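So the structure is just underneath, and the comments pick up after that.
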Amino acid sequence: MEITKAEDNISQRIHAMGHRVDGFKAQGLYYYNQPISELCGGARVLVNGREMDMFASYSYLGLIGHPKINAAAKAAIDKYGTGTHGVRTLAGTLTIHGELEETIAAFKKAEAAVTYSSGYATNLTVVSTLVGRGDYVISDKLNHASIVDGCLMSGAKFLRFQHNDMEALEQRFQQIPSGSTKLVIADSVFSMDGDVINFPKIVELCRKYHAWLMIDEAHSVGVLGKTGRGIEEHFGMEGAIDIKMGTLSKTIPSVGGYVAGSKELINYLRHASRAYIFSAALPPAQAAAAKAAFEVILEEPWRIEKINANAHQFITGLKQCGFDTLFTETAIVPVVCGSAENALIMTRDAQQKDLFVLPVVSPAVPPGLARLRATVTAAHEPDVIAHAIDIIQEAGKRIGLI
Ligand SMILES: Cc1ncc(COP(=O)(O)O)c(C=O)c1O
């Protein structure tokens, strides 16, 4: 008997999600896509008509709204207009794209770089261009969804290893027939936990087993390394990564993604990766903003010192209150709440006191590890961080979490 559209899997999925969302709304615990209507200085935002301290931003160095970056974006609109003329290979490459790619290559101490229209698209297209059927791709279990999707799309044999467990990675290598093509991928700083990959060991293993190494630096550019260049600089291991991936939507207050690496690699990606060939490039204002932001990072090194001091203050303060912040060492600070309900109540309490934090619940993190995913930036001042800790502490005490 044929099922009707109203009963089929698509309809069931749509209804189940609608039901879940309605349930959260009915309890006043729905925090999805809250619109920010205004930026009120570096670390405050207007949400639902209320000015709040922003503790959910990926703008780690506080560069959103930076006058030099805003000016660069405005000048690019005057020069090029708001769009490109189409996909890059036909009419959509502008001089600003080349200038941005040169800036990224210099910043990442690589021979060359290529940009794409989002970080998500970058991972999808780069992984699926580099490996395919018969190859192996090995990924940390907590890697970002865009990496997972790229691995699945590639058709390569997809192996995962326990999070940041280098013995588990070595076991994976030992399962692979010798002579196979291998690509290993990891986040430098993990997006939900804030911890740092064991970089020296992953590099050593990739060399031992002749594997390519791709590192996603979405959360380490501007945060790790004395000059904010990322994980290679942090560990003093320049040149250790084959494929240096990053986004232009976090520390860099724009949108887009990039890969930096050897000239040969970048030349290959320009001619073979489908998101480059079949999709339009960054709008000129965003390309110019991104280029200016890389310059600002080098011109204003105090921001890197400040983000690290702020992260230290926030993590230490929360730990002293008795919160579990997992293994974070960076600006991403998980405040583990246990159940999704706890995380949602903590969010409500914090927002009622004008602290803008957001919850992360299953399936984005394992059940039982629902959390506030709080972040600090270089735009926060110590008294504001201390106040945020007080608010989170009060909320945690109220529900018996600490
Ligand atoms: C580790 C990581 N990689 C890639 C992405 C995707 O980047 P974008 O948001 O710029 O598309 C994200 C986004 O949050 C991320 O956290």
Side-chain angles (χ1 to χ4, degrees), residues 32-33 36 56-61 63-64 100-101 104 108 113-128 130 137 139-154 160 163-164 183-197 199 202 213-224 230-231 234 241 243-260 273-276 279-283 285-287 289-291 293-294 326 328-334 358-361 363-365 371 373-375 377:
Y32 208 64
N33 288 352
I36 293 172
S57 177
Y58 296 175
S59 180
Y60 297 119
L61 294 182
L63 296 182
I64 288 192
L100 170 62
E101 286 162 347
I104 294 172
K108 293 302 300 172
V114 57
T115 52
Y116 298 91
S117 57
S118 80
Y120 182 88
T122 304
N123 277 332
L124 218 59
T125 204
V126 169
V127 178
S128 60
L130 292 176
V137 62
S139 166
D140 185 288
K141 269 206 171 155
L142 291 194
N143 275 350
H144 189 258
S146 53
I147 297 174
V148 175
D149 293 355
C151 294
L152 292 170
M153 190 172 142
S154 73
R160 302 203 298 164
H163 173 51
N164 220 352
L183 171 65
V184 172
I185 314 178
D187 289 5
S188 49
V189 169
F190 288 86
S191 57
M192 293 296 143
D193 287 30
D195 56 339
V196 178
I197 189 76
F199 189 63
I202 205 169
L213 177 61
M214 173 166 168
I215 297 285
D216 177 334
E217 295 231 52
H219 302 280
S220 53
V221 163
V223 177
L224 294 185
I231 197 160
H234 179 72
I241 304 172
I243 303 147
K244 305 172 198 229
M245 182 273 168
T247 70
L248 302 174
S249 63
K250 301 180 184 355
T251 291
I252 305 299
S254 182
V255 71
Y258 66 84
V259 165
S273 58
R274 293 166 78 83
Y276 188 92
S279 181
L282 299 180
Q286 298 314 122
K291 176 175 176 284
F294 281 105
L326 301 175
T328 183
E329 300 173 49
T330 65
I332 299 170
V333 184
L358 288 170
V360 182
V361 301
V365 292
R371 63 196 66 178
R373 181 190 179 280
T375 50
T377 75

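Bear in mind the structure is a predicted one, so any value in this text is a computation, not a measurement. Read the numbers this way: they start at 1 and go in the same order the structure lists the ligands and their atoms.
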Please confirm whether the ring centroid of His163 lies under 6.0 Å from the ring centroid of Phe190.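 Yes: the rings meet the under 6.0 Å criterion.
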Rounded to the nearest 0.5 Å, how far does OH of Tyr258 lie from CG of Leu248?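 One finds 7.0 Å between CG of Leu248 and OH of Tyr258.
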Inventory of protein N or O atoms under 3.5 Å from ligand 1 N or O:
unit_1	atom_1	unit_2	atom_2	d
ligand 1	3 (N)	Asp216	OD2	2.6
ligand 1	10 (O)	Gly119	N	3.3
ligand 1	10 (O)	Ser249	OG	2.7
ligand 1	11 (O)	Gly119	N	3.0
ligand 1	11 (O)	Tyr120	N	2.9
ligand 1	14 (O)	Lys250	NZ	2.9
ligand 1	16 (O)	His219	NE2	2.7

[X]: what forms a side chain to side chain donor-acceptor pair (under 3.5 Å) with it, not counting sequence neighbours?
X	result
Ser254	Gln286
Glu217	Lys108, Ser220
Asn164	none

Per the side chain to side chain contact (heavy atoms under 4.5 Å, CB included) rule, which among Asp216, Asn123, Ile185 passes with Asn143?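 Of the listed options, the one satisfying the test is Ile185.
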